[in-house]
J.: 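First the structure, then my questions, so here it is.
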Amino acid sequence: MDTPHTDTRSRLIAAAGLIALAGNLLLAAVKLSIGFAAHSLAVLGDGIDSATDVCIALMAVAVSRIIARPSDKEHPWGHGRAETTATMILSFIIFFAGAQLLLQSAQALATGSYTEYTSPLVIIAAAVSIAGKCALAAVQRYLGKKAQSPMILANAQNMKNDIIMSAGVLAGIAAAKLFGRPELDPVIALAVSLWIIKNAVSLFGQMNTELMDGNTDNELYRTLFAAIRSVPGVSHPHRARIRKIANHWDIDVDIEVDANMTVHQAHEIAERTAAAVKCAIPDVYDIMVHIEPAGHASHHPEEQYGLSEADVEREATRRTDA
């Protein structure tokens with residue numbers, strides 16, 4: 001898939017944010033109102049989750065404006081990391097919402113302060129939530145793919161999780177009616193809170209890896225080395241480093257060439273190497289190819305770390321054995 005132009009991408013992200021904002025505002029209002037009216041912690045938990053989705057939508061709209069800005073002297077790599085930073089902040093918001101619900105649910109179970117009657121409104125709330133989230137998830141996934149936005153795609157997955165949680169509310173109501181156990185309501189709310197917290201922790205881990213310039217995609221390094229090996233005159237690619245900036249990749253790599261080449265010839269090989277990598281790996285923001293003379297390259301022990309082909313293969317073997 002071709003990478004959309006920055007302006008087009010920011011417009012798609014803004015559209016996704018506005019649609020999610022309107023949809024989740026409506027869903028949050030309905031579910032919170034019903035949750036308070038029916039005294040249902042499970043529905044309140046679902047409503048709180050929709051309220052956090054409103055925050056995500058607002059953040060998406062704001063981020064769409066920031067990432068549209070061109071690179072400048074303070075931000076020579078552009079403003080794409082605003083998307084990562086925003087998603088990191090959202091992981092804290094989601095975690096806090098889940099923790100609050102966890103405490104409320106645990107207190108209700110400990111004190112027995114839950115309703116003995118399950119209102120039909122709860123069933124209506126769950127049904128509305130499932131229908132609304134199905135529509136929103138489909139739209140977010142479509143726009144996220146079109147914009148190649150990890151933030152919007154993550155939001156689409158988050159909404160799929162919401163569908164599962166709302167289905168759990170319905171299942172809990174059915175179980176409570178069937179077995180006559182009203183305490184299942186706070187139990188479901190407890191499960192919902194743990195689900196929210198799990199998603200928050202997972203999202204934080206993903207964004208932290210990106211902000212720390214980490215990359216756990218072993219296949220991406222394999223693709224990089226294969227592309228470099230396809231260029232005549234290149235040997236021993238090493239000290240490769242790949243980091244993610246929003247939906248783009250920033251790549252550094254060292255290669256060796258014939259020590260008797262002219263500077264111009266070596267430069268031409270470096271240009272061909274960069275072109276081969278960009279052809280093999282979509283969405284490369286920038287690639288730095290460092291030339292070294294074959295058989296004479298040496299690195300000081302204090303130089304920063306980078307991966308070689310041997311490192312990548314060792315990691316692949318380790319994962320296979322595990």
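Because the structure is predicted, anything quoted here is derived from the model rather than measured.
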J.: Of all residues at least two apart in sequence or in a different chain, which pass the salt bridge (Lys or Arg N to Asp or Glu O under 4.0 Å) check with Arg243?
T.: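 Expected list: Asp213, Asp250.
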J.: Can you tell me how far the CZ atom of Arg239 sits from the CD atom of Glu292, to the nearest 0.5 Å?
T.: 7.5 Å
J.: Please round to the nearest 0.5 Å and tell me the distance separating atom CD of Gln206 and atom CE of Met88.
T.: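 Between Gln206 CD and Met88 CE, I get 10.5 Å after rounding to 0.5 Å.
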J.: Any heavy-atom pair between the side chains of Arg241 and Ile251 that's under 4.5 Å?
T.: no
J.: Donor-acceptor pair, Ser202 side chain versus Lys198 backbone, under 3.5 Å?
T.: no
J.: Atom OG1 of Thr8 and atom NZ of Lys146: how far apart are they, to the nearest 0.5 Å?
T.: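 Going from OG1 on Thr8 over to NZ on Lys146, the span is 9.0 Å.
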J.: Less than 4.5 Å apart, side chain to side chain, heavy atoms only: is that true for Met59 and Ile89?
T.: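 Yes, at least one pair of side-chain atoms sits under 4.5 Å.
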J.: So, for Arg141 and Leu153, which heavy atoms are closest and what is the spacing to 0.1 Å?
T.: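 Taking every non-hydrogen atom into account, O-CD2, 3.9 Å.
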J.: What heavy-atom pair brings Ala294 and Ser235 nearest, and what distance separates the two atoms?
T.: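 Ala294 and Ser235 have their closest heavy atoms at CB-OG, 4.3 Å.
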J.: Would you kindly say whether Asp311 and Ser308 are connected by a side-chain donor-acceptor distance under 3.5 Å?
T.: yes
J.: Mind checking whether Ile163 and Met159 have side chains closer than 4.5 Å, heavy atoms only?
T.: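 The answer is no, as the side chains (C-beta and beyond) never meet within the 4.5 Å cut-off.
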J.: Looking at NE2 of His238 and CD1 of Ile228, how far apart are the two atoms once the value is rounded to the nearest 0.5 Å?
T.: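 Between His238 NE2 and Ile228 CD1, I get 10.5 Å after rounding to 0.5 Å.
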J.: When rounded to the nearest 0.5 angstrom, what distance separates CD1 in Ile255 from NE2 in His236?
T.: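 Rounded to the nearest 0.5 Å, the CD1-NE2 separation comes to 12.0 Å.
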J.: Working to the nearest 0.5 Å, report the span between CD1 of Ile281 and OG1 of Thr223.
T.: 6.0 Å
J.: Apply the test salt bridge (charged side-chain N to carboxylate O under 4.0 Å, His left out) to residues Glu309 and Arg222: give CA-CA distance (whole Å), side-chain angles for both, the deciding distance (0.1 Å), then the verdict.
T.: CA-CA 8 Å; Glu309 290 180 283; Arg222 280 183 162 180; over 6 Å; no
J.: Are the side chain of Gln140 and the backbone N or O of Ala137 linked by a donor-acceptor pair below 3.5 Å?
T.: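 Checking the backbone N and O of Ala137 against the side chain of Gln140, no donor-acceptor pair under 3.5 Å is found.
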